[in-house]
Each structure stands twice: as structure tokens, then as C-alpha cells.
Amino acid sequence: MSTLTTRQQDYSQWYNDLILKGGLADYSSVRGCMVIKPYGFALWENMRDQLDRMFKETGHQNAYFPLFVPKSLFEAEEKNAEGFAKECAVVTHYRLKADPSKKGKLIVDPAAKLEEELVVRPTSEAIIWNTYKGWIQSYRDLPILINQWANVVRWEMRTRLFLRTAEFLWQEGHTAHATKEEALAETVKMLDVYAHFVEEFMALPVVKGVKTANERFAGAEDTYCIEALMQDGKALQAGTSHFLGQNFAKAFDVKFAAKDNSMEYVWATSWGVSTRLIGALVMAHSDDQGLVLPPRIAPLQVVIVPIYNKDAIAREKIDKKAAELVQALKEKGIRVQFDNDDSTRPGWKFAEHELRGVPIRIALGARDLENNQVEIARRDTKEKSQHSLDGLLDHVSFLLTDIQQNLFNRASQFRAEMTNEANNWDEFVKLLDEKGGFISAHWDGSPETEEKIKELTKATIRCIPIDNKPEAGKCILTGMPSSQRVLFARAY
RNA sequence: CGGGAAGUAGCGCAGGCCGGUAGCGCAUCUGGUUUGGGACCAGGGGGUCGCAGGUUCGAAUCCUGUCUUCCCGACCA
């Protein structure tokens, strides 16, 4: 059978192998675009559904805005437009016609040129604020708390499955508020929702922080983020929440009448997470045998593998007991599959389900039935043990919780080991090259210094942690005074 | 977008330099034996050699273009 590249051999190839052989996604014939396969999409659906519940619990509603943004609207907020201009797909024509010189071929009909080009949304602030203008007259119309699940297109030069593709799926929240304080509170609230989701459901610890000016979303006053650490010591931005100030309100002239009858610009936020989270999940927990998925979002939580033998009566008994187990587990809300496919043998199934990251495997054979037990294997530690059929349901529930917790603990411990302080340039470079991970260091606060450090080391400031403590120090590069440490890392 | 590599059966690859019947392993199908960590025997099916031009009596092979993917870089909130 095909074997996986190990992390040590080639981390990038290992990642690709897991995505492809684990059945999450496939390459497509469209440059930079991938196909999300059913197993990968099931994973996304679980993530999406949970996030959607959390958005609704915090008062948001879903809506849908157009894929196309007229160029004139897109360019209205200048910084935002500039920031995305280089990666926009643009629709210029609306019709094809038969190629007069080549039979059976089509060409773009020059007569069908659009009067105004349409930008395929790289993000939706423009079309949404253009719409909000018509919805907002009074403070009574605020706040507007809307989210949309959508696809966006960013024409990337270099793509990687799930981490960076030309088209990807995400959600984008767009809220409008009467006051700055309320908009700021919303920005932080949604950052907390993201952090909670990623930690509790994806079992991945994150650092909450604020981006520096260099890394800020184009058009935002402030960009908040959650940053996660991958097994190769590189950081990955897992979600962002932006305080947009009144930038979009001014660009699209969205004002409201306040209680005192004064006209004021609306305050805005936007926030998003994408299918990139799947990439984070894969790189954070998986091992050389395949995917390792946290039980709370795994498409399949338990797989039951029958161990048959020649004895047809024993086979019937196994099937019967397995059916009972499936029924009982389903009633407890556990996602379970009985893998009685007769064309593969147990060993093959074991390897396959490990590759796909199913948290718990239960093996059930004649020998087990005689002893009123099953063999249980957990994916995170690969431990195998026998367990009595009595009390099995509770044990499975316990294990799912325990695996979830263990994955989080493991990732937390790894991150703790990989987060270090550097107090001068030599220490910084040494840590970066020999260990990787997050490096907490002083920075003089200037964009120029940040840029210089990036040029020299490829490390960027991932964020200024929200819970940062003030601490006097000197910038590792310039020696200029600094009031706090920031988190550096090489990143995806 | 620059540098490197690759595209031949579903998957992994050989063949290519030196043009002449398209091959191997796995998978698949049929029959049988099996089943506690990727089973075995026997028989069978499956390919416009990424695509488009060109050279040639003849192209997987040589030439040109083009598309797609991977790795490195630039770029990328």
C-alpha cells in the first residue's frame, strides 16, 4: 500500500499526503483551486455548524450578498481596494461565441464587453456597506449584526491545499454600530468566539492578539487575531476580527440620526475564519500514520471493525452485537460506522481508519464475544485495551472527552515548549533557526524595524498579545526603548 | 511571476538519450481459500502516453507552444 511521507522526511509533502490520502481534498484542473471531498467537507460542516450556532447565540443572523462587486464600489474605500487590488479576479465580458476560425471552439465575444468591470469578491465590505447605506437612517436601525457563509477569490501566486487557494470558503461577519465602544466590544467578542471555538472544538490553543500596522487588514483601524502554532514550529493565523472604525461608513456615506438628531457616521466591524482552519487542524495534531481529528468535530467518532472467521454462526453474532452497539452509540449522539466491508481485511481497515483520523476504533471478534469484551484503540495515543461490553457506552463517551482533552493538552505543552524569550539579536536568530516557534521579544514599535527583521530572518510579528504585561526593554534589532514584548515567528 | 522537477491504466512508476506491437507493481473484475495490523492462488479487463501544433513513411520518444501540479523564492493581512 501507499505509504505516507513522514514529517521528518519532508513536512510539506507529509501535509499534502495527509490531505490527499486522508480523503479531505483533491487537486482540480483549475489553477490554484482544489476540490473539497466529502470527508473534508463533512469536517468543514461540523466546524461551520458549530460556529454558526455560536454566531446566532451572540445575536447574529445569516444573509447573502453578491459574488460580484462593481469596480466603482470596490474602489470606494481606498486602502481596502489597494490592499486587495493585486489579487483580484475581474469579469470583463458576459458572453462567449463560436470561434469562426476553429470549429467547436469558443472565444470571448468582443461585443459583450461589460461597461463596468465586476470584481470577484476577495472580501465583501464594499458591496455590504453599499447595501447598508440603504438600510440605516436612524440609531433605531442599529446595530446590524450579519454574517454570511460564502466563497471568496484571492488570486494567489503560490497555493497550498487548504492554507492558501485561489478560491476558498469562509464566513464573514459584518456589523454596524452606533458607537465606537459598541463596535470595539463586538470586535473583541467575536475574537473570543473564535478563540473559544478553536480551543474547545479543534483542541488547538491560540494566542489572542492585535496585529501591527504592517499586518493590519486593509481598511481597518485595528486587526485582532488568533494565532496558532504548527508542529514544524511555524505560526498560522487562524482567524481575524477587525475594528473598522468609520472608514467604510465614510467611504460609502453611511450616516444615522442619533437621539439628539445629529448625523453621525456608523461604526463597523468585520470578522472571518475560513477553510484554512482545516489546514491548521491537520498540521497541529496529525502524525506519521495519518490524520488525528479531535472528537468534537471528527466526521466519524467511532468505527467498529468486525473480525470474522470461517464460522458463519460467529459471524452472525458479531453482526448482531455490532448492530446493537451502533444503535446504542447513535442514540447517545455519537457518530459511528460499522465497517463490515467484506473486501478488505481487519489490518487494512485499521490502517485506513488511522489514516483518516477516526478517534476511536472498536474491534469485535468471536474471541471478544466469548469474553463479553471488545478491543478499543484510541487514535491519539494508539493505545489498545480490552473493555467489557458492560459499561462500554460510558467508556466510549469518556474516551471521546479524554481524547479531545489530551489533544489540547499535547498541543498546549508543545506550544509552551516552543514559546521562548529572546533578549538580544543573537538569541533571537539562534532560537529562530534552531528551534522555531513563538519568540517573545522587544521591538521598538516602528514599521521599519519590523520590516527589516522580516527581511533578515523571514520572521514577522504575529501579534501583540492581548494579555501582554508592560515591561521595559530594548528592541532586539535597534536597541531603542520598548515598553512590551511582542510575539515573533515564521508563519504560513 | 523567477528557478528547479514532474505529467504514460484509478494510484505509484519504467520506457524516452538511440522514433518501429505501450510495460511493471498495487488497485479493479471473476472463481476459490481466508480474516486479531495493509491476505493468498488462478484467470481476466482497463491507456487518444496532459493538451495543441510541427518534423517523419512512422512520434510516448525529436522540436515548438500551451495547461496543470509539486518544491524553492518573490508576492500574499
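Because the structure is predicted, anything quoted here is derived from the model rather than measured. Letters A, B, ... are given to chains in the order of the sequence lines, protein chains preceding strands, and every chain is numbered from 1.
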Chemist: If the C1' atom of B:C57 is compared with that of B:G19, how far apart are they to the nearest Å?
Modeler: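 These two C1' atoms come out 12 Å apart once rounded.
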Chemist: To the nearest Å, give me how far apart CH2 (A:W14) and P (B:C70) are.
Modeler: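 Distance, rounded to whole Å: 17 Å.
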Chemist: Nearest heavy atom decides the nucleotide; on that basis, is A:S343 or A:A491 closer to the 5' end of RNA chain B?
Modeler: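 The residue whose closest nucleotide sits nearer the 5' end is A:S343.
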Chemist: Once you apply a heavy-atom cut-off of 4.0 Å, does A:K86 come out as touching a base, just sugar-phosphate, or nothing?
Modeler: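 Touches sugar-phosphate only.
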Chemist: Which nucleotide, if any, forms a Watson-Crick or G-U wobble pair with B:G12, using both distances under 3.5 Å?
Modeler: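 For B:G12, the partner nucleotide comes out as B:C24, under the 3.5 Å rule.
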Chemist: Base, sugar-phosphate, or nothing for A:R31, non-hydrogen atoms under 4.0 angstrom?
Modeler: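 Touches sugar-phosphate only.
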Chemist: When you get a sec, tell me which of B:G36, B:G38, B:C75 is the closest nucleotide to the side chain of A:D368?
Modeler: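 Given the options B:G36, B:G38, B:C75, the side chain of A:D368 is closest to B:G36.
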Chemist: Is A:G32 touching bases, backbone alone, or none of the nucleic acid, heavy atoms closer than 4.0 Å?
Modeler: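 Sugar-phosphate contact only.
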Chemist: Need one value for A:R462: base, sugar-phosphate or nothing, where a base atom within 4.0 Å counts as base even if backbone is also close, heavy atoms only.
Modeler: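 Since no nucleic acid heavy atom lies under 4.0 Å of A:R462, the category is nothing.
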Chemist: Could you tell me the separation between the CZ atom of A:R160 and the P atom of B:C72, rounded to a whole number of Å?
Modeler: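 That distance rounds to 7 Å.
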Chemist: Could you report the tightest heavy-atom contact between A:H242 and A:T223, atom names first, then the distance?
Modeler: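 Where A:H242 meets A:T223 most closely, the heavy atoms are ND1-OG1, 2.8 Å.
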Chemist: Quick check: A:F55 with A:W271 (ring centres under 6.0 Å apart)?
Modeler: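 Between A:F55 and A:W271, which both carry aromatic rings, the centre distance is below 6.0 Å.
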Chemist: Under a 3.5 Å cut-off for both distances, is B:G19 Watson-Crick or wobble paired, and to whom?
Modeler: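 Paired with no nucleotide.
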Chemist: Would you kindly give the CZ-to-P distance between A:R216 and B:C76, to the nearest whole Å?
Modeler: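 Those two atoms, CZ and P, are 17 Å apart.
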Chemist: I want to check one thing: is the phosphate of B:A39, taken as OP1 and OP2, less than 4.0 Å away from some side-chain N or O of A:R345?
Modeler: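 Answer yes for this pair, as a side-chain N or O of A:R345 is under 4.0 Å from OP1 or OP2.
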Chemist: Salt-bridge test for A:R367 and A:E370: reply yes if a basic N is under 4.0 Å from a carboxylate O, no otherwise.
Modeler: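 Looking at A:E370 together with A:R367, the answer is no, because their closest N to O distance does not fall below 4.0 Å.
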Chemist: Answer with base, sugar-phosphate or nothing: what part of the nucleic acid does A:R154 contact at a heavy-atom distance below 4.0 Å?
Modeler: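 A:R154: no heavy atom of the nucleic acid under 4.0 Å.
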Chemist: Across the strands shown, which category fits A:Y308 at heavy-atom distances under 4.0 angstrom: base, sugar-phosphate, nothing?
Modeler: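 Base, at least one base atom sits under 4.0 Å.
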Chemist: Closest approach to the side chain of A:E87, judged atom by atom: which nucleotide of B:C71, B:C76, B:G38 is it?
Modeler: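 Within the option list, the nearest is B:C76.
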Chemist: Which is true for A:E215 with a 4.0 Å heavy-atom rule: it touches a base, it touches only sugar-phosphate, or it touches nothing?
Modeler: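 A:E215: base contact, heavy atoms under 4.0 Å.
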Chemist: Cationic tip of A:R160 within the cone over A:Y492's six-membered ring, i.e. under 6.0 Å and within 45° of the normal?
Modeler: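 Output no; distance or angle outside limits.
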Chemist: What does B:U55 pair with, Watson-Crick or G-U, if both distances are under 3.5 Å?
Modeler: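 The answer is none; no pair meets the criterion.
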Chemist: A:D10 near the nucleic acid: base, sugar-phosphate alone, or nothing, with a heavy-atom cut-off under 4.0 Å?
Modeler: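 The residue A:D10 makes no contact with any strand.
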Chemist: Does a salt bridge link A:R7 with A:D288, judged by any charged N lying under 4.0 Å from a carboxylate O?
Modeler: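 Yes.
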Chemist: Contact class for A:V30 (heavy atom, under 4.0 Å): base, sugar-phosphate, or nothing?
Modeler: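 Touches sugar-phosphate only.
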Chemist: Give the rounded distance in Å between these two atoms: CD1 of A:I307 and P of B:G38.
Modeler: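 So the CD1-P distance, A:I307 to B:G38, works out to 11 Å.
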Chemist: Assign each of A:N16 and A:F217 to its nearest nucleotide of RNA chain B by heavy atoms, then name whichever residue's nucleotide is nearer the 5' end.
Modeler: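 Per heavy-atom nearest nucleotide, the more 5' residue is A:N16.
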Chemist: Is any side-chain N of the basic residue among A:R361 and A:E354 closer than 4.0 Å to the acidic one's carboxylate O?
Modeler: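 A:E354 and A:R361: salt-bridged.
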Chemist: Given B:C72, B:U34, B:U69, identify the nucleotide with an atom nearest to the side chain of A:K310.
Modeler: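 Out of B:C72, B:U34, B:U69, the nucleotide with an atom closest to A:K310's side chain is B:U34.
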Chemist: So which nucleotide does B:G73 pair with, by the Watson-Crick or G-U wobble rule with both distances under 3.5 Å?
Modeler: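 Base partner found: B:C1.
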Chemist: What nucleotide among B:G36, B:G38, B:C70 has an atom nearest to a side-chain atom of A:T159?
Modeler: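 The answer is B:C70.
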Chemist: Classify A:S12 by what it touches in the nucleic acid, base, sugar-phosphate, or nothing, heavy-atom distance under 4.0 Å.
Modeler: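 The answer is sugar-phosphate, as A:S12 gets under 4.0 Å only of primed atoms, P, OP1 or OP2.
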Chemist: If you look at every strand shown and take non-hydrogen atoms under 4.0 Å, does A:Q289 touch a base, only sugar-phosphate, or nothing?
Modeler: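 Result for A:Q289 = nothing.
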Chemist: B:G37, OP1 or OP2 - any side-chain N/O from A:R361 closer than 4.0 Å?
Modeler: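 So the side chain of A:R361 is outside the cut-off, no N or O lying under 4.0 Å from OP1 or OP2 of B:G37.
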Chemist: Provide the closest heavy-atom pair for A:F65 versus A:R121 in the form atom of the first, atom of the second, distance.
Modeler: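 So the minimum-distance heavy-atom pair works out to O-NH1, 2.8 Å.
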Chemist: With sugar-phosphate meaning primed atoms plus P, OP1 and OP2, does A:Q237 contact a base, only sugar-phosphate, or nothing at under 4.0 Å between heavy atoms?
Modeler: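 Sugar-phosphate contact only - A:Q237 comes under 4.0 Å of backbone atoms but never of a base.
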Chemist: Suppose we define a pair by two distances each less than 3.5 Å, Watson-Crick or G-U wobble; what does B:G43 pair with here?
Modeler: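 WC or wobble partner is B:C29.
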Chemist: Nearest whole Å is fine: how far is B:U35 P from A:N340 CG?
Modeler: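 That distance rounds to 18 Å.
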Chemist: Hunt down the Watson-Crick or G-U wobble partner of B:U35, both distances under 3.5 Å, from any strand shown, or write none.
Modeler: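 None - no nucleotide pairs with B:U35, as no candidate has both distances under 3.5 Å.
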Chemist: Please determine, for the side chain of A:A351, which listed nucleotide (B:G38, B:A77, B:C75) has the closest atom?
Modeler: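 So the side chain of A:A351 is nearest to B:G38.
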Chemist: State which of B:C70, B:U35, B:G38 makes the closest approach to the side chain of A:P346.
Modeler: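 Nearest listed nucleotide: B:U35.
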Chemist: Checking all strands, does A:K458 fall into the base, sugar-phosphate, or nothing category for heavy-atom contacts under 4.0 angstrom?
Modeler: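 Counting heavy atoms under 4.0 Å across all strands, the contact made by A:K458 is with sugar-phosphate only.
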Chemist: Provide the Watson-Crick or G-U wobble partner of B:C49, both distances under 3.5 Å; none if there is no partner.
Modeler: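 Base-paired to nothing in any strand shown.
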Chemist: Is there a donor N/O on one and an acceptor N/O on the other, under 3.5 Å, for the side chain of A:R164 and the base of B:C76?
Modeler: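 Present.
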Chemist: Is any N or O donor-acceptor pair between the side chain of A:K384 and the base of B:G36 shorter than 3.5 Å?
Modeler: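 Per atom types, no contact qualifies.
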Chemist: Base, sugar-phosphate alone, or nothing: which one does A:A166 contact when heavy atoms must sit under 4.0 Å apart?
Modeler: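 The residue A:A166 makes no contact with any strand.
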Chemist: Counting heavy atoms from C-beta on, name the nucleotide in B:G38, B:G37, B:G36 closest to the side chain of A:F350.
Modeler: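 Nucleotide nearest to A:F350's side chain: B:G37.
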Chemist: Determine the minimum heavy-atom distance between A:W267 and A:W129, stating which atoms define it.
Modeler: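 Scanning both residues completely, I find the closest heavy atoms to be O-CH2, 4.3 Å.
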